[in-house]
Amino acid sequence: MDGNGRIHNFGAGPAGLPLEVIREVSDSLPNLNESGFGLLEISHRSEVFQKVIDEARESVRRVLSIPEEYKILFLQGGASLQFYMTALNILREGEKADYLITGGWSKKALKEASRIGDAKNIWSDETNGFRKVPKDGEYDIRDDAVYVHYTSNNTLYGTQYHHLPSSSGKPLVVDASSDITGVEIDVSKHDIVYAGAQKNLGPSGITLVILSPWAISRIGNDIPTMLDYNVHIEKGSMFNTPNTFGIFVLGRVFAWLEKNGGMKEAIRRNKEKSDLLYKELDRTDFWQPHAAIESRSKMNVTWRLNDTSLEEIFLKEAFDCGLGGLKGHRSVGGIRASLYNYISKESVIELVRFMKKFEEAHG
Ligand SMILES: *Cc1c(COP(=O)(O)O)cnc(C)c1O
């Protein structure tokens, strides 16, 4: 437990959130910002809520250093809807888009884009179990591709780009769901950035979408209203009733990040946490880390036990020690520790201490 009766929550999402944020949410439930209206009970058309969404947007812009001319949207439907919506807005029938396939989420993105145009898998590590991300020069981008899509961090397999992948000058679209605010991202070098909030940014049911002027200029006509980025831009993400609760929480998470040193500190914390865990994983071959060293994720650390029959016992004993959410994704198995914003260095130290004890007892 983390000292507040809360488990050390290493779950991949919906994930733990900073306790300070949870307390702010809890205080706002009966009465939001002394408006007399509870957080779940206030009109999105009220001035009080308008202020909440405006502040959230400004905080997102500051923390992620988003250029002024980029638009920030808070949408529903998760990152999964963005797989389709990105292509629907910026790709036309018969046009080409190139996809780097580094895990289950990229495959799903490709599948949805294929409904719109000629979306192509230009690199994949699937036959090798998705252990790495491509290096520049390992794939060819088609001359007439409209954009290149990649998944910055592979939540299921625990791999991550540590460089901006080359797109040969083409616009870049990124699914940053599981590492946004955890690692460096240069928004100005992307044309669409999207991220489901429930990993690093807040609760489920809200998706952050960032659009460049180029992406906005590409938006087609005749797009169904709710799927049309222009509608959401014009209406300030409030064409219909938005996820008011989610927007509030996301705003508080960004405010928490600003109070705690912004991206610079968030990146430092995540490096420190992941270094601690990988050091233990490399200490003994009792553990078998999944990702190739150069592609290791700082957000989702995945490994098997050399004796896989011990994995169930590992998970059970870890849980009994207050370490939860460690079960690997069902498509991969094994163990996965997600190190999002909420997870402190102390939680990782607890995990490593438990791992050493476990190895002594079973190794
Ligand atoms: C979790 C996740 C998704 C799916 O997000 P939903 O909000 O559930 O649609 C997509 N991409 C990545 C990289 C993820 O980690």
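All values derive from a computational prediction rather than experimental measurement. Note that ligands are numbered from 1 as they come in the structure, with each ligand's atoms numbered from 1 the same way. Positions are given from 1, in the same order as the sequence printed here.
The pair Glu317-Lys357 does not count as a salt bridge, with every side-chain nitrogen at least 4.0 angstrom from each carboxylate oxygen.
Taking the six-membered ring for Trp, His149 and Tyr99 have ring centres closer than 6.0 Å. Close placement of the Phe354 and Phe314 rings is indicated, their centers lying within 6.0 Å of each other.
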Output, or 'none' if empty, a list of ligand 1-protein atom pairs in which both atoms are N or O and the distance is under 3.5 Å, rounded to 0.1 Å.
{"residue": "ligand 1", "atom": "7 (O)", "partner": "Ala79", "partner atom": "N", "Å": "3.1"}
{"residue": "ligand 1", "atom": "7 (O)", "partner": "Gln198", "partner atom": "NE2", "Å": "2.9"}
{"residue": "ligand 1", "atom": "8 (O)", "partner": "Gln198", "partner atom": "NE2", "Å": "3.3"}
{"residue": "ligand 1", "atom": "9 (O)", "partner": "Ala79", "partner atom": "N", "Å": "3.2"}
{"residue": "ligand 1", "atom": "9 (O)", "partner": "Ser80", "partner atom": "N", "Å": "2.8"}
{"residue": "ligand 1", "atom": "9 (O)", "partner": "Ser80", "partner atom": "OG", "Å": "2.6"}
{"residue": "ligand 1", "atom": "11 (N)", "partner": "Asp175", "partner atom": "OD2", "Å": "2.6"}
{"residue": "ligand 1", "atom": "15 (O)", "partner": "Thr155", "partner atom": "OG1", "Å": "2.4"}
{"residue": "ligand 1", "atom": "15 (O)", "partner": "Lys199", "partner atom": "NZ", "Å": "2.6"}

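Every ring pair (Phe, Tyr, Trp, His ring centres under 6.0 Å) that Tyr150 has, sequence neighbours left out, goes to Tyr161, His190.
Ring geometry, Trp287 versus Trp303: the interplanar angle exceeds 60°, so the pair is classed perpendicular (tilted spans 30 to 60°).
Taking a 6.0 Å sphere around CZ of Arg330, one finds it holds 12 or fewer heavy atoms contributed by other residues, nucleotides or ligands.
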